[in-house]
Novice: 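What follows is a structure written as structure tokens; I'll ask about it next.
The model shown is predicted, which means the values in this text are computed figures rather than measured ones.
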Amino acid sequence: MQRRQTKARELAGLNSLEAELLGLRHMSERTLIRLSSAHVGELVLACADGRWTRRRTGRKVLPEIREAILAVRQESVRRSRISMRGKHRLLHQYVAERFPTFPTKDVPSYDTLARIWREWFGPGGARPRYLQTAEMLDDTGPRVVVHRPGQVVVLDSTPLPVKLRESVFGEPVSVVLTLALDLYTHSCCAFRLTMVSDTSVDIAMLLRDVMMPLPMREGWGEEMEWPYPGVPADIVADFAGHKVAALPFFAPETITTDHGAPYKNHQIVQAQDEIGCNILPARALRPPDKFAVERAFGSLKTMLLEHLLGFTGTDVADWGADPEGDAVLTIGQMEHIIATWIVRIWQNHALGEYAPSWEPGGHHSPNSLFAAAMHQGGWAMQIPTPGLYYKLLRKHQVMIHPRRGVKVLNLYYYDPVLEESRFQGPSARGGRHGGRWVVRSDRRDRRKVFLQDPDDHETWHVLRWTGLPPHGEVPAFSDKTVETLMADVRQRKLKPLSDAEILPLLLEILRSANPVDQWPTQMSRKEKVARSRLASQGRAAASDRPSTGEATGDTDPYADAGEPDGPSWPRDVRTVQAAVDADLRRRREGLGQPAEAPQLLDDALRQRSLFLLPDLDDDSGDDA
């Protein structure tokens, strides 16, 4: 310090002009301390002042070369990925065509172009689609500011990177995870696991799950029960009919999806009208529209899925030695694990960079943000009625045929309620489909359809397929099975008189797990997955339906108790075999009954004629 003080006094005594030329005019004791602290180990560099060091000027690039490099850059962003050698050739092509007199020796070499490219545009490791997105983000316009839960809910689907065991044969299969994420609180409002790509009915039921309170599952403690302030857990449980888990539920206002076919289906447009929300597809090449749910998938993989047996990684190159052999979890077990992880971990983890705009430096979780939103703007507890399930199903405008019922997608459905006088004749509905009755169908389970009561509009009548035997003898079958069935009928050039004659063909298709003709060890992997897919879709449809019918109060005869713990193909074999035996028994009994006498021609004419007078009674004739 003494030497610095001495040096500072010495420099202060210099002539002002001389000190200005040497750059020492403002060299105070504090400046000497700052210079020496930057280079503690090198006393020579401690005397150097960076303000007087010559700065780097970069490379000298001619205007023609600069124009060519920028043009090649613009072209390479629009094309697929090309190498630096290819860009160097494009540079030569551009210079030769646009500047014919430009000397070739002045065109930068490959190494020089690579260094210039790295200085101007960075290392260039991004993928072309992301580079294109970055170029297009300049004209995106103002961003939407989300400031309340439910304002924007993002939907997306991805293959689950874990191999699971299907519940029919126990074979390893891949499933699809569909997730609904609230953009304000980053809460995972609902999710679904399907053995096939998600369909429109799965998306519609996922939107319904966003509005429904999540019931407490087996093994969940009190710490996972409804914790939010303002509405006690007992009140929410009274409205819901069961204890509610710590997961927000609300009516969504805007739904952001990708451009997949299930999100563009007419059934989703119908669900949008029933729920009262707006479904807006994300803009093409605009990651900010749907970035939150993509990050949620990555967090789910790193925080949970990669620790489970059967994890497959991002692609096939990441597979282990035998991920299919490591698969031990069933679809039902995986649903329980993901639900537990969401309620207990995801909803309570710190958001980090996703903190709210009103407190960017605070530490918040999805649960704390939802609680803060309840304090700021309140919260409307709206629990949809069980009838919302029927309103989200596919709509069909049909006519009621006498003694046959209604025809929906090549199958007839009937119930004795159709014999009532209010269902005779055309419907009172007007408009484009005036006079027709509205029937709803679930493509995952084609054994029944649902007819809305025309009087109170709250009661739904269950119409069974006319080809079904008594309740509970035929497993569920989907639209795919009906298409295969009708194709088989056309191929055999059959013209069945009733749906009951189609039943043997349906049972033949469902007998893919027959233990005599085709043992599971002799079936192909594709046949096993197809059979398990039907069972999984049937269980999903049964779990989505209300437990009791609104019209008759009867329980659902096709509702399954739940997913079995192990392979269930022996039970399915017995069910299908019992249905086959029952159908054969009914046919044998029908052969033993005497044939009914044909109707007389005079009686038939009297039933159809509208001009005949009614017959007079005997009493009225005597009085006359």
Novice: Can you sort out the partners of Pro323 under side chain to side chain contact (heavy atoms under 4.5 Å, CB included), two or more places apart, ordered by chain and number?
Specialist: Thr312, Trp319
Novice: Determine which pairs satisfy salt bridge (Lys or Arg N to Asp or Glu O under 4.0 Å) with at least one residue from residues 223-248, sequence neighbours left out, and list them in order.
Specialist: Glu223-Arg344
Novice: Name all residues meeting the side chain to side chain contact (heavy atoms under 4.5 Å, CB included) criterion together with Lys395; count only those two or more places apart in sequence or in a different chain, and write none if there are none.
Specialist: Gln270, Gln397, Val438, Arg440
Novice: Return the CZ to OG1 distance between Arg444 and Thr194, rounded to the nearest 0.5 Å.
Specialist: 10.0 Å
Novice: Can a salt bridge be assigned to the pair Asp442 and Arg394 using a cut-off of 4.0 Å between side-chain N and carboxylate O?
Specialist: no
Novice: Around atom CD of Gln382, are there more than 12 heavy atoms from other residues, nucleotides or ligands closer than 6.0 Å?
Specialist: no
Novice: Listed by chain and number, what are the ring pair (Phe, Tyr, Trp, His ring centres under 6.0 Å) partners of His364, not counting sequence neighbours?
Specialist: Trp358
Novice: Quick one: CG on Leu369 to OG on Ser187, what's the gap to the nearest 0.5 Å?
Specialist: 7.5 Å
Novice: Applying side chain to side chain contact (heavy atoms under 4.5 Å, CB included) between Ser157 and each of Val176, Leu179, Asp258, report the one that passes.
Specialist: Val176
Novice: Taking the side chain as everything from C-beta on, heavy atoms only, tell me whether Cys277 gets closer than 4.5 Å to Glu253.
Specialist: no
Novice: Taking all heavy atoms of Thr199 and all of Pro262, pick out the closest pair and write down the distance.
Specialist: C-CB, 3.9 Å
Novice: Which atom pair, heavy atoms only, marks the closest approach of Pro248 to Tyr228?
Specialist: CD-OH, 3.3 Å
Novice: So, do Arg446 and Leu411 sit near enough that their side-chain heavy atoms are less than 4.5 Å apart?
Specialist: yes
Novice: Do Lys163 and Leu329 make a side-chain contact, defined as non-hydrogen atoms from C-beta onward lying under 4.5 Å apart?
Specialist: no
Novice: Measure the shortest side-chain to side-chain distance between Lys407 and Tyr413 over non-hydrogen atoms and say whether it is less than 4.5 angstrom.
Specialist: no
Novice: For the atom pair CD1 (Ile337) and CD1 (Ile342), what is the distance rounded to the nearest 0.5 Å?
Specialist: 12.0 Å
Novice: Heavy atoms only: give me the nearest Arg404-Tyr414 pair and the separation to one decimal.
Specialist: O-CB, 3.9 Å
Novice: Which distance, rounded to the nearest 0.5 Å, do you find between the OG of Ser365 and the CD1 of Ile345?
Specialist: 13.0 Å
Novice: Should Val406 and Tyr412 count as side-chain neighbours, where that means a heavy-atom distance under 4.5 Å?
Specialist: no
Novice: For Gln151 and Leu183, what are the C-alpha separation, side-chain angles and deciding distance, and is it a side chain to side chain contact (heavy atoms under 4.5 Å, CB included)?
Specialist: CA-CA 8 Å; Gln151 184 178 357; Leu183 197 57; over 6 Å; no
Novice: Return the set of residues passing ring pair (Phe, Tyr, Trp, His ring centres under 6.0 Å) with His349 (not counting sequence neighbours), or none when no residue passes.
Specialist: Trp346
Novice: How about Glu335 and Thr340: do any of their side-chain heavy atoms sit closer than 4.5 Å?
Specialist: no
Novice: The test is side chain to side chain contact (heavy atoms under 4.5 Å, CB included); show your working for Val152 and Leu280 and say whether it passes.
Specialist: CA-CA 10 Å; Val152 178; Leu280 301 178; over 6 Å; no
Novice: Verify side chain to side chain contact (heavy atoms under 4.5 Å, CB included) between Phe370 and Tyr184, making sure each step is shown before the conclusion.
Specialist: CA-CA 9 Å; Phe370 185 73; Tyr184 178 77; over 6 Å; no
Novice: Please examine the side chains of Glu166 and Val175, heavy atoms only from C-beta on, and report whether any two atoms are closer than 4.5 Å.
Specialist: no
Novice: Scan residues 229-251 for pairs that pass ring pair (Phe, Tyr, Trp, His ring centres under 6.0 Å), counting only residues two or more places apart or in two chains.
Specialist: Trp226-Phe249, Phe249-Trp379
Novice: Tell me whether Lys290 is salt-bridged to Asp156, with the criterion being a basic N under 4.0 Å from an acidic carboxylate O.
Specialist: yes
Novice: Decide yes or no on ring-ring contact (aromatic ring centres under 6.0 Å, His included) for Trp460 and Tyr390, but give the supporting numbers first.
Specialist: CA-CA 8 Å; Trp460 294 84; Tyr390 304 104; 5.0 Å; yes
Novice: Could you tell me the separation between the CG atom of Asp182 and the CG atom of Leu247, rounded to the nearest 0.5 Å?
Specialist: 10.5 Å
Novice: Should Arg422 and Asp455 count as an ion pair when the cut-off is N to O under 4.0 Å?
Specialist: yes
Novice: Calculate, to the nearest 0.5 Å, the distance between atoms CG and CG belonging to Leu164 and Leu193 respectively.
Specialist: 7.0 Å
Novice: Considering only heavy atoms from C-beta outward, does the side chain of Thr256 approach that of Leu155 to under 4.5 Å?
Specialist: no
